[in-house]
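Residues: numbered from 1 along the sequence shown. Heavy-atom basis, side chains included; hydrogens, waters and symmetry copies ignored. In each ligand, atom 1 is the first atom listed, and ligand 1 is the first ligand listed.
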Amino acid sequence: MTQDELKQAVAQAAIRYVAENVPAGSIVGVGTGSTANCFIDALVQIKDRVGATVASSEATKKRLEGHGFMVLDLNAVTSLPVYVDGADEITHSLEMLKGGGGALTREKIVAAVADRFVCVCDASKLVATLGTFPLPIEVIPMAQAYVAREIVKLGGQPKFRDGFITDNGNVILDVHGLAIDAPVAMEATLNAIVGVVTNGLFARRGADVLLLGTPAGVRQMVC
Ligand code: 5RP
């Protein structure tokens, strides 16, 4: 199976998950990236069960609206039963590294509001330790050089994501070479650097369910 076929398979599994576990008429939180895009396209199959959606990026909002879904401002939402999103890496305890698409801050905010985070990814994303994929950090532009120096002190090698501005008007540093043996502690340490908006470690609030696309089928793991 190709990686694309695995993404399509997990998207279908996520549709079944939402249909079976989320009350009809609920608001569905939707992530960002190629796997989330497969989910958005498949969500049309259960459109009548979806009350409205919340998007984690402008790109996702546009795609959802293109399919005729209502996209709400998160501030107008008091209950979000489920959030479906991909990941760049995920461990067996469902801690994630995200933000390859640069939407990490809005993803983390929507995930914080959601009752359940359903992560959808192909088997290549399951890792023993996070950090082989460079860790994205969203930074206020004027703090970029300072934050980069602080990251070097922590042992990381930050690389400015050239030509990329987040939906929030900020920049991204992709950090290589960090030893992320304690993701919860590292998430807090990085977020404590002045000028950091947030980092791509989703450890304090990891996923609740993982739908993992493997050549043998979609495997469901729960935390
Ligand atoms: C975007 C993300 C994505 O979830 C992550 O990059 C995975 O993307 P894809 O499904 O395209 O592999 O965090 O900010």
For the residue pair [X] and [Y], what are the closest heavy atoms and their distance?
X	Y	answer
Ile172	Pro136	CG2-CB, 4.1 Å
Ile180	Thr129	O-CG2, 3.5 Å
Val110	Gly29	CG1-CA, 4.4 Å
Thr91	Ala128	CG2-O, 4.1 Å

How would you list, by chain and number, the residues with a heavy atom under 4.0 angstrom from ligand 1? Thr32, Gly33, Ser34, Thr35, Asp85, Gly86, Ala87, Asp88, Lys98, Gly99, Gly100, Gly101, Gly102, Ala103, Glu107, Lys125

Regarding Arg161 and the six-membered ring of Phe164, is the cationic atom NZ or CZ under 6.0 Å from the ring centre and inside 45° of its axis? yes

Glu65 with Lys61: basic N within carboxylate O range, under 4.0 Å: yes

